[in-house]
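What follows is a short report on a single structure.
This is a predicted model, so every value here is computed, not measured. This chain uses plain numbering: 1 for the first residue, then up along the sequence. Every number for a ligand or one of its atoms is a count from 1 in the order of the listing.
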Amino acid sequence: MSEVQDSVIVEYEKRDNIAIITMNRPRYNNVQNSKMTYAMDAAFAKAVDDDEVKVIILAGAGKHFSAGHDIGTPGRDVDQTFERKHLWYDHTNKPGGEFLYAREQEVYLGMCRRWRDIPKPTIAMVQGACVAGGLMLAWVCDLIVASDDAFFQDPVVKMGIPGVEYFAHCYEMPPRIAKEFLFLGERMPAERAYQVGMINRMVPREQLFDTTMDVAQRIAQMPRLGLQLTKQVINTAEDNMGKRNTMDMVFGYHHFAHVHNELVSGDKLAGFDGKAMAAANKTQAAKQEES
Ligand code: ZN
């Protein structure tokens, strides 16, 4: 079955003052390829440009919010270039470490920062898996509303990589918990994420949409500029606490790890594709449940 049968890779819906942007690759648990990334960016731009839209919800169709970056579906498009949104040069014909460095500056770090600073409040509506690259998409949003079956996980230390490209771990949870989160690479259930302050609301799955809409509608009562200024000052406060510099620092180590992997194993991801990572995560989750 080809993915073309999915109607569109990102859906856009407007309800009153709320834009709902839905990642629509449920067959692949909404793993993020470049095509989806640029479609999301276009959807965000549409919501920003629409004066009626006060709040933006980011959702994932199907069982899971997002299982991460696309590292193995037939739609994987790491070798393709799209109309870039930053002044990064094309990565596709670049050698060695430059290939992934240039791509991830644009497609991962650059896009996430761009979305994090969208001048309207954003809410991630998270169910099921929110794993690796999926974390980045939830974390760029201002608020996170999750169902009680949601779980959060960054398993990329298995690849020898110190966390995903948008390294907000130390700002999303206390540093000691961030170490546990990364060292173990295990699933953090929604309840624990709520306890550490990573998410704002945790509700039963059947209430997820209504609760998210309710929060969005209440935010939408506030004046646009007031919301934008508030968002901007808190984002800047986080940056003053080192968030932006930390990410730039980690990005260097992240790419040292990619290049090291390639030198040692011939593969930037240490031989893990989507299937291998999913299998490793499943085995680990089963063990986690036993204990
Ligand atoms: Zn990477």
| query | Of all the N, O or S atoms in Glu165, which one sits nearest to the Zn ion (ligand 1)? | reply | OE2
| task | Check whether NZ of the Lys or CZ of the Arg Lys46 lies under 6.0 Å from the centre of the six-membered ring of Tyr12 and within 45 degrees of that ring's axis. | result | yes
| Between the Zn ion (ligand 1) and His258, is there an N, O or S atom separated by less than 2.8 Å? | yes
| said: Just checking: His254, one of its N/O/S atoms, less than 2.8 Å away from the Zn ion (ligand 1), yes or no? | reply: yes
| Does any donor atom in the side chain of Lys158 or Asn281 lie under 3.5 Å from an acceptor atom in the other side chain? | yes
| Straight-line distance of Arg201 CZ to Leu143 CG, nearest 0.5 Å | 8.0 Å
| field | Side-chain donor/acceptor of Lys54 to backbone N/O of Ile219, under 3.5 Å | value | no
